[in-house]
Number of protein chains: 2
Amino acid sequence: MDGASDGDRHDDPCSVLSDERQALVREVLARMVDKWGLWVLSELSEDGPLRFSRLLERVDRISQKSLTATLRQLERDGLVTRTMVAQVPIRVDYAATPLGRSLIDHVHPLWLWAIERLPDFVSARAIYDARTAEQQPS
Amino acid sequence: MDGASDGDRHDDPCSVLSDERQALVREVLARMVDKWGLWVLSELSEDGPLRFSRLLERVDRISQKSLTATLRQLERDGLVTRTMVAQVPIRVDYAATPLGRSLIDHVHPLWLWAIERLPDFVSARAIYDARTAEQQPS
DNA sequence: CTGTATCCTCTACGATACTG
DNA sequence: CAGTATCGTAGAGGATACAG
């Protein structure tokens with residue numbers, strides 16, 4: 001669909017992808033940092049298979065609804081597996097796939113970087129807020 | 001960086017942070033992959049300073065309102081700079097800061113990984129969708 | 001225990017119109 | 001040109017109740 005495409009843009013590997021592909025990459029990456037996705041995947045990647053109720057405890061303040069939705073998304077993208085154990089009461093185990101663990105491994109450096117740079121963000125915000133405050137004394 | 005753990009990937013640097021800090025890291029990282037933040041920062045990181053209207057063209061389908069909001073957030077977090085040129089008509093240049101470029105540099109490997117693994121995601125979805133379709137022929 | 005269904009709120013976002 | 005202000009819509013997500 002890119003009729004008069006943006007031509008030879010930059011050396012951005014993303015720009016060589018079709019809009020559809022770009023959207024997919026963006027979508028998958030988005031799940032990494034959305035409110036719960038990365039957290040849930042992280043728990044599963046660290047501590048073997050976990051049951052639904054365990055996850056509900058570990059991922060603090062997540063609702064049942066959101067946990068279910070998050071797990072469905074992660075499962076659909078091949079990042080986690082879902083295993084039902086037919087017993088009473090029923091039991092379901094979730095585990096990270098190799099692809100899921102790989103994702104976590106690739107996100108990790110980013111977390112480390114962000115934590116390392118945290119003081120920069122704090123001070124940047126302080127400066128910005130102070131400046132806007134004096135301009136808009138309400 | 002720090003003599004990073006010899007293969008112990010279960011080391012979760014996030015858990016040593018206070019809730020407040022965790023929230024901040026999460027917030028900053030979220031901005032990277034939210035609908036526009038990363039895209040805007042990416043454009044600025046690749047092609048020097050850009051004016052508001054240029055960004056509006058490059059980041060396809062973004063609205064004025066969203067672009068403004070995104071830029072404000074990025075500016076507040078110290079990822080971009082905003083420079084007003086007093087002339088008629090007025091002109092404003094946005095540019096990525098070193099911190100902003102650093103962020104992009106750290107996100108890049110993740111993009112490459114995602115693009116490389118794209119076939120995995122596509123097939124995973126196909127399998128999942130096929131299986132759920134046969135269960136719910138609706 | 002593991003979900004699904006419903007309601008409700010809050011926020012993000014686009015469209016549009018207006019200002020310096 | 002570079003925003004701000006207002007409106008309206010759509011989706012995310014919590015709370016709760018119910019089902020297999």
Side-chain angles (χ1 to χ4, degrees), chain A residues 23 26-41 43-44 49-77 80-95 128 131-132 135-138, chain B residues 23 26-40 43-44 49-77 80-95 128 131-132 135-136 138:
Chain A
R26 192 171 291 280
E27 204 175 323
V28 172
L29 287 177
R31 187 104 43 245
M32 303 177 335
V33 196
D34 74 355
K35 198 166 183 184
W36 303 117
L38 184 58
W39 192 347
V40 170
L41 183 56
E43 292 290 342
L44 291 175
L50 288 173
R51 306 177 51 175
F52 187 85
S53 45
R54 295 290 135 257
L55 280 170
L56 210 51
E57 292 167 2
R58 280 167 170 260
V59 184
D60 215 33
R61 280 181 283 278
I62 195 176
S63 65
Q64 267 195 1
K65 178 183 175 182
S66 295
L67 179 55
T68 301
T70 300
L71 286 169
R72 290 291 173 278
Q73 297 276 20
L74 293 173
E75 190 191 357
R76 187 164 107 100
D77 286 336
V80 311
T81 56
R82 178 177 181 274
T83 310
M84 284 191 53
V85 181
Q87 61 179 38
V88 185
I90 201 173
R91 167 180 155 184
V92 180
D93 287 323
Y94 291 94
Y128 181 93
R131 197 179 39 194
T132 57
Q135 284 173 12
Q136 301 280 352
S138 133
Chain B
R26 192 171 292 279
E27 202 175 324
V28 172
L29 288 177
R31 187 103 41 246
M32 302 178 337
V33 196
D34 73 357
K35 197 167 185 182
W36 303 118
L38 184 58
W39 192 347
V40 170
E43 293 288 344
L44 291 174
L50 288 173
R51 305 176 51 175
F52 187 84
S53 45
R54 295 289 134 259
L55 280 170
L56 210 51
E57 293 167 2
R58 281 167 169 261
V59 184
D60 215 34
R61 280 183 284 278
I62 194 176
S63 67
Q64 265 195 4
K65 180 182 175 182
S66 295
L67 180 54
T68 301
T70 300
L71 287 169
R72 290 289 173 281
Q73 296 276 19
L74 293 173
E75 190 191 356
R76 187 163 107 101
D77 285 337
V80 311
T81 57
R82 179 177 180 274
T83 311
M84 283 192 53
V85 180
Q87 62 178 37
V88 185
I90 201 174
R91 170 181 152 185
V92 180
D93 287 323
Y94 290 94
Y128 181 92
R131 198 179 36 193
T132 57
Q135 283 174 11
Q136 301 280 350
S138 135

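Just so it is clear: chains get the letters A, B, ... in the order the sequence lines come, proteins before strands, and each one is counted from 1.
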[X] [atom1] - [N] [atom2] separation (whole Å):
| X | N | atom1 | atom2 | answer |
| --- | --- | --- | --- | --- |
| B:R61 | C:dA15 | CZ | P | 11 Å |
| A:L56 | D:dG14 | CG | C1' | 12 Å |
| A:M84 | C:dT2 | CE | P | 10 Å |
| A:I62 | D:dG13 | CD1 | P | 9 Å |
| A:Q87 | C:dC1 | CD | P | 12 Å |
| B:R91 | C:dG20 | CZ | C1' | 19 Å |
| B:K65 | D:dG8 | NZ | P | 13 Å |
| A:D93 | C:dC1 | CG | C1' | 12 Å |

Quick one: is [N] close enough that its OP1 or OP2 comes under 4.0 Å of any side-chain N or O from [X]?
| X | N | answer |
| --- | --- | --- |
| B:T68 | D:dA2 | no |
| B:R51 | D:dA2 | yes |
| B:Y94 | D:dG3 | yes |
| A:S53 | C:dT2 | yes |
| A:R72 | C:dG3 | yes |
| B:S63 | C:dC13 | no |

Please report the closest heavy-atom contact between [X] and [Y], naming both atoms and the distance.
| X | Y | answer |
| --- | --- | --- |
| A:Y94 | A:R82 | OH-NE, 3.2 Å |
| B:V85 | B:D93 | CG2-OD2, 4.2 Å |
| B:I90 | B:R51 | O-NH2, 4.3 Å |
| B:Y128 | A:R72 | OH-CD, 3.4 Å |
| B:L71 | B:V40 | CD2-CG1, 3.8 Å |

Assert: residue with more 5' nearest nucleotide on DNA chain D, out of A:I90 and A:Q64, is A:Q64
So what does A:R82 hit on the nucleic acid, given a heavy-atom distance under 4.0 Å: a base, only sugar-phosphate, or nothing?
sugar-phosphate
Given C:dG3, D:dC1, D:dA2, which nucleotide is nearest the side-chain atoms of B:P89?
D:dC1
